[in-house]
Amino acid sequence: MFMDYSLGDLGSIFVMQAFAGLILFSIFVLMALGLAIIFGQMGVINMAHGEFMILGAYMTYLTSNLFQTYLPSLYSIYFFVAMAVAFLASGALGLLVEWSMIRFLYKRPLDTLLATWGLSLILQQSYRSIFGAREVGVELPPWMMGSLPVTGTIEVQINGLFVMGLTVVITLSVYLLLYRSSWGKQVRAVMQNRVMAGAVGINTEKTDRYTFGLGCGIAGIAGSAFTMIGSTGPTAGQLYIVDTFLVVVFGGAQSLLGVIASAFTISQAQSTLEFFLSGSMAKVLTLLGVVVILMIRPQGLFTIKVRR
Amino acid sequence: MSSNDDHSKDSSVSRRNVLKVLSTVPAAALLPAAALFPKAGYAQAPATSAVNTTGLAVTDTEVTVGILHSVTGTMAISETGSVQAEKLAIDQINAAGGVLGRKIKYIQEDGASDWPTFAEKAKKLLVNDKCASVMGCWTSASRKAVLPVFEQYNGILYYPTFYEGLEQSKNVIYTGQEATQQIIAGLDWVSKVKGAKSFYLLGSDYIWPRTSNKIARKHIENFLKGKVVGEEYFPLGHTQFNSVINKIKLTKPDVIYAIIVGGSNVAFYKQLKAAGIDLSKQTLLTISVTEDEILGIGGENIAGAYACMKYFQSLDNSNNKKFVEAFKKAYGDKVVIGDVTQAAYLGPWLWKLTVEKAGSFDVDKVVEASPGIEFKEAPEGYVKIHPNHHLWSRTRVGKALVNGQYEVVYETPDLVEPNPFPKGYQ
């Protein structure tokens, strides 16, 4: 398999594959962050996570249309507005869902799985009724397309860079929010011991609601970013949900660092394998690897030490 | 018969009313007018006992057919257009007097993108509803699932999708093109016009792309004396194509030959564009992206790519103009019509013409009458049913434009003979 390429080619292969792997890594982190927060804090298995992402994608589509119609001169920056809209819309829906459904199910994690799965079906059908069964095309401002040539054979994609930058910003914000703010302290307290946290005066209900909202909001931003590379249709969220759970479970559900480590491992493995084998084969081998590692380490790569 | 007599008794009164309506909305009133006067409208209708000897759902005024597509689940995106086209054809046939003097009534069932459901619903349509014919299915998997049902209960299916071939059934009329009508004609074209010698084959990982690429590879290696520099498959719904795009950049094939299906296409073309592959310089040939998919991909991301199909919405002929106009009138100005949608539209019309030639709704007689049926008003131009139950049709190559439409750049001079079992390709 190495014979077909010259040494110089192989060099650029590794650089470009590493870059492709980094893009995939950023995407995995974006997908999994929201889920990890919700799953880790509340033990809620949110099967509707993909649909929250797609809500963000649809919001981007709407914002794009709005800018095209009313503010064509500002079109080049619409994407930033769209991400904010996506965050707010998905976050607001998250708050609503938490208030109307999830809060009654905290002590029954398996029921949240069923309930959110039902929610995902409802959301899919709503998208189908509102936006139609067909995929919608989200147009990007021209500056976000294309690539920057580094050397003759190595090129760097602009929207790949954009997704990476976005991931860094969001991960940092989540980190600061969780580990450097008083609200984050409350969240982590609730995460570690709900009853005790309540006893020392933390309003666990409120913490839950906003954490769930935040997780869904991040899903919305992820969805918005995916319009650059993926499809936006009523059932497109389903495409992402398996990968997302894979990343979260592999990483260890309660750990931010775990999510990042697991996203990195899976993406690099898949990207490298994809180059030397075929796309389907890479996916199978990656899954196999994850299964084997989870058999040895059922709790995932990283966990928080909690007294049980 | 008594109900018919009732109609003729008070016909003088209502005929006047109908005339009044007719003068205001003529087209819309045609249907109810015809329905009100079975005797006047369908004067030559032959007796039911003569045209239906096998107990199908045919009455003196109505004949029931089935529509079987996915309107929920992942395939709904693709099959929506087919359902719309079949309903439009049925409405038009009814407005023009129906089939053997009978109005077509349809029963629609949802296959829900699930193959066992398709088989179950097919059985329901044939056994419980006694449908005289069924228009439906999209993926090869759903067709393979319903095939034994149609053969066991002797129904007839009009199947609209282009597919991998290697199949023929007395109970199916394939109104889309089989592999050789699409793949070989398209490859010959790029080899001749673009001088292409090296090809990179890409596809989704299931039966149709794999079989199609097998045929393509044989044709490239044995007949075009070209080289396949890469062949790769991705799971359905895959959204990460960076690695394969890197490989394409390194191997620099003359032609990227892509048969990725569904939502993955959106990811693929967006990432191609982002990776700086300019489709006006790099030839890309696809047989799986119709105008429908471009809605999701965005015209600006795929402009310059070539598609090999038998139908494009932009076809410049009077049949097609009428068809596009009627379609837009029925479903709104924003709809687009892809290759399969047009093939689905042919189903009800071909069935009507066959039934009228056979002089009977009986499936055996329809099957017997099918070879040689010509439909001159087809939007794609003239088509004819071959004894192997596929259609003679032209193959065309279109170039994708920024506005999401294809510009036809090549068309086979003659109808291409369908050949579902090509020699040397099995």
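Chain identifiers are assigned alphabetically (A, B, ...) following the order of the sequence lines, protein sequences preceding nucleic acid strands; residue numbering begins at 1 within each chain.
Contact of A:Met281 with chain B is not made at all, since no heavy-atom distance falls under 4.5 Å. Using a 4.5 Å cut-off between heavy atoms, A:Phe19 makes no contact with chain B at all. For A:Gln124, no part lies under 4.5 angstrom from a heavy atom of chain B. Using a 4.5 Å cut-off between heavy atoms, A:Ser231 touches chain B through backbone and side chain atoms alike. Only the side chain of A:Ile23 has a heavy atom closer than 4.5 Å to any heavy atom of chain B. Neither the backbone nor the side chain of A:Thr232 comes within contact range of chain B, judged by heavy atoms closer than 4.5 Å.
Between A:Tyr75 and A:Tyr78, the ring planes are parallel. Angles under 30° get that label, and only those over 60° would be called perpendicular. Under the 30°/60° scheme for interplanar angles, the aromatic rings of B:Trp208 and B:Tyr206 are found to be tilted. The aromatic rings of A:Trp143 and A:Phe80 lie parallel to each other, with less than 30° between the two planes, well short of the 60° mark. Using bins of under 30°, 30° to 60° and over 60° for the plane-to-plane angle, the ring pair A:Phe162/A:Phe79 lands in the perpendicular bin.
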Practice item. Show the numbers, then the answer: is there a side chain to side chain contact (heavy atoms under 4.5 Å, CB included) between B:Tyr406 and B:Glu291? Key: CA-CA 8 Å; B:Tyr406 281 104; B:Glu291 290 88 337; 3.9 Å; yes

Practice item. Would you check, one step at a time, whether the test side chain to side chain contact (heavy atoms under 4.5 Å, CB included) holds for B:Lys247 with B:Tyr200? Key: CA-CA 10 Å; B:Lys247 279 197 230 179; B:Tyr200 204 111; 3.5 Å; yes

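No other option in A:Thr235, A:Val136, A:Ile27, A:Ile158 has as many heavy-atom pairs under 4.5 Å with chain B as A:Val136. Between chain A and the residues B:Ser243, B:Gly296, B:Ala267, the most heavy-atom pairs under 4.5 angstrom are made by B:Ser243. Contact tally against chain A (heavy-atom pairs below 4.5 Å) for B:Thr239, B:Asn246, B:Asp292: the top residue is B:Asn246. Ranked by heavy-atom pairs under 4.5 Å with chain A, the list B:Asp205, B:Asn265, B:Leu202 is led by B:Asp205.
Defined by atom type and a distance below 3.5 Å, a donor-acceptor pair is present between the side-chain atoms of B:Thr290 and B:Glu293.
Not counting sequence neighbours, B:Lys399 has no partner by the salt bridge (charged side-chain N to carboxylate O under 4.0 Å, His left out) test.
In this structure, the side chain of A:Ser64 does not engage the main chain of A:Thr60 through any donor-acceptor pair within 3.5 Å.
A:Tyr240 has its ring centre less than 6.0 Å from the ring centre of A:Phe226.
The only member of B:Gln108, B:Glu79, B:Lys121 that meets side chain to side chain donor-acceptor pair (under 3.5 Å) when paired with B:His69 is B:Glu79.
At a heavy-atom cut-off of under 4.5 Å, chain A is reached by B:Glu300, B:Asn301 from residues 297-307 of chain B, listed in order of number.
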